[in-house]
Structure formats: C-alpha cells, structure tokens
A.B. asks: 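Please find one structure pasted underneath; my questions will follow.
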Amino acid sequence: MTTSRRDEIAAGLETVRSRIAAACADAGRGPDEVRLVVVTKFFPASDVRILADLGVTDVGENRHQEAQAKAAECADLGLTWHFIGGLQSNKAAAVAAYADVVESVDRAKLVSGLDRGAQARDHAVDVLLQVSLDPPGREGRSGVDPDGLAALGAAVAQAGMLRLRGLMAVAPLGEDPASAFARLAGIRRDFLADHPDATWLSAGMSGDLEHAVRAGATHVRIGSAVLGSRPQVQ
Ligand SMILES: *Cc1c(COP(=O)(O)O)cnc(C)c1O
C-alpha cells in the first residue's frame, strides 16, 4: 500500500514538532515559545490545505507570483502568510496585499510600498527586518548589515500600517550555525534596547532549527523536513 501525501506530511510534521519540543526543553524554554512556519515554496496548494487540516497555522513563501496565487487559492483556510524571499520595491505593495508577515525587509526603499499595500487592504502588516550574518562583501548575500538596523528599524516604525515585530536571519553557508546564531542573539539584544516590543526572532530551517531555538528564535521556517525535498528549481 502506498503512503498517501497526507500521511507523508503528517509524519514530517510530527518529526519537526518533536524536534522543536526537544530543542525547547534543552534550552529551558516552553514549547509554545516557538512558532512553526512551514515553508511551502514549490509545493502545491493541495499541500497547504493538508497542512492547515493538520493544524499548521503559519506558512511561508519566497516568490511573489507563486505566493500570491497560492494565498488566493487558500484564502478560505485562515492561515497566516509569511513572505520570506527577496523583495523588489515595485512588488512591495502587491506583497502586502496578501502577506500577513513580511520577514525579508532589508532596505528602507521597501517601506512606502508595503505601507501603501497594507493601507489599501486596511490590514496592518507585521514586519521583520532581515539581518545579514554573512561576512561583508559575500556574493549573493541578503539582509541589512547589522550596523544598518537602527536606521531601517526607525523607517519601519514610523510607517502607519506596518508593525515592527523583530528580526529574521539565515545562517550563512560555510559557518557553524551555532556561532552564526550566537552572533544573531547579540544583534537582537542591541536591537531590543531600541525597540523593546520587537521581540520576534525568525531563525532556523530544517538543518539548524535546534541551534536557532537555543539562540532564542521565536519562529522557525521549515520546508523540506516537513514536505520532503523540493521539486527542482525551474
Ligand atoms: C526555503 C527557505 C527555508 C526553508 O528551508 P528548508 O531547508 O527546506 O527547511 C527557510 N527560510 C528561507 C528564507 C527559505 O528561503
């Protein structure tokens, strides 16, 4: 008998939920302190439906067109949609029309478009600033440099329809995630001094969620460990 897609996803979800619970226990944190965002990029809307049925509340997408279509197709599910990908400023308003959380804000140029999109929808958008943990000058790095966070945070904080919630980061390739996330915890501590309400920290993926939870992550973004390996990038 072949395993159904639902059984497959349920098994992945079970494994990831217990990994999160174990990591929280190890770190002396409550299991409810970490929210699971399942990254559904490249997977069909039918998988999103299964996830919602299995109790997932938050999903993440990284490409605007795919995210927009899937969010529309799944509008009846009441999910919280996180946009976690690189964002063009001319698409910012369109992203704010369906995303509840935009995790990848890395420059002030995105702020007016996001604010406009949120206003048009009459729905405040939660914003995380994506901070780069890469060495300066690294090819293809994304995120704002830690020393640019204060200015970017101020720009988001003054936008009427955006709520500055915290920070997001990806562990750099070629560095031990434990040391990268320890550095992130320090950056976050400094940031919280200026923005005490911006307590969210989105860090940790399928391969490194335990390190992220230890470093204080409040959100983990998990794709392949729940849904399996992604279809080849088109
Ligand atoms: C794809 C993606 C993830 C999920 O990665 P997995 O290794 O499949 O868990 C997390 N964060 C971002 C920013 C991503 O683009």
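We use all heavy atoms of the structure for the numbers below, so side chains are in, but hydrogens, waters and symmetry mates are not. As the structure is a computational prediction, the values presented were derived from the model and not from experiment. The residues of the chain are indexed from 1 along the displayed sequence. Counting starts at 1 for both ligands and their atoms, in listed order.
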A.B. asks: Only heavy atoms of G223, strictly under 4.0 Å: list the atoms of ligand 1 that pass.
C.D. replies: 4 (C), 6 (P), 8 (O), 9 (O)
A.B. asks: Please could you name the atoms of ligand 1 that R221 approaches to less than 4.0 Å, counting only its heavy atoms?
C.D. replies: 4 (C), 9 (O), 10 (C), 11 (N), 12 (C), 13 (C)
A.B. asks: Of all the non-hydrogen atoms in the protein, which one sits nearest to atom 5 (O) of ligand 1, and at what distance?
C.D. replies: M205 CE, 3.7 Å
A.B. asks: With respect to atom 3 (C) of ligand 1, which of Q130, K41, E103 exhibits the smallest heavy-atom separation?
C.D. replies: K41
A.B. asks: Distance to 0.1 Å, residue and atom name: give those for the protein heavy atom nearest to atom 12 (C) of ligand 1.
C.D. replies: I84 CD1, 3.5 Å
A.B. asks: Is it the case that the side chains of S4 and E8 hold a donor-acceptor pair, with the cut-off being a distance below 3.5 Å and no angle test?
C.D. replies: no
A.B. asks: Does one side chain, of T57 or R35, offer a donor that lies under 3.5 Å from an acceptor on the other?
C.D. replies: yes
A.B. asks: Which atoms of ligand 1 sit under 4.0 Å from any heavy atom of S224?
C.D. replies: 6 (P), 7 (O), 8 (O), 9 (O)
A.B. asks: Using the salt bridge (Lys or Arg N to Asp or Glu O under 4.0 Å) definition, which of the options R221, K41, K70 pairs with E61?
C.D. replies: K70
A.B. asks: For the residue pair F83 and Y98, does the interplanar ring angle fall in the parallel (under 30°), tilted (30 to 60°) or perpendicular (over 60°) class?
C.D. replies: perpendicular
A.B. asks: Charged N to carboxylate O under 4.0 angstrom, E210 versus R214?
C.D. replies: no
A.B. asks: Less than 4.5 Å apart, any side-chain heavy atom of L128 and any of V102?
C.D. replies: no
A.B. asks: To the nearest 0.1 Å, how far is atom 6 (P) of ligand 1 from its closest protein heavy atom, and which atom is that?
C.D. replies: S206 OG, 3.5 Å
A.B. asks: If you count the atoms of ligand 1 from 1 in the order shown, which ones are under 4.0 Å from a heavy atom of I222?
C.D. replies: 9 (O)
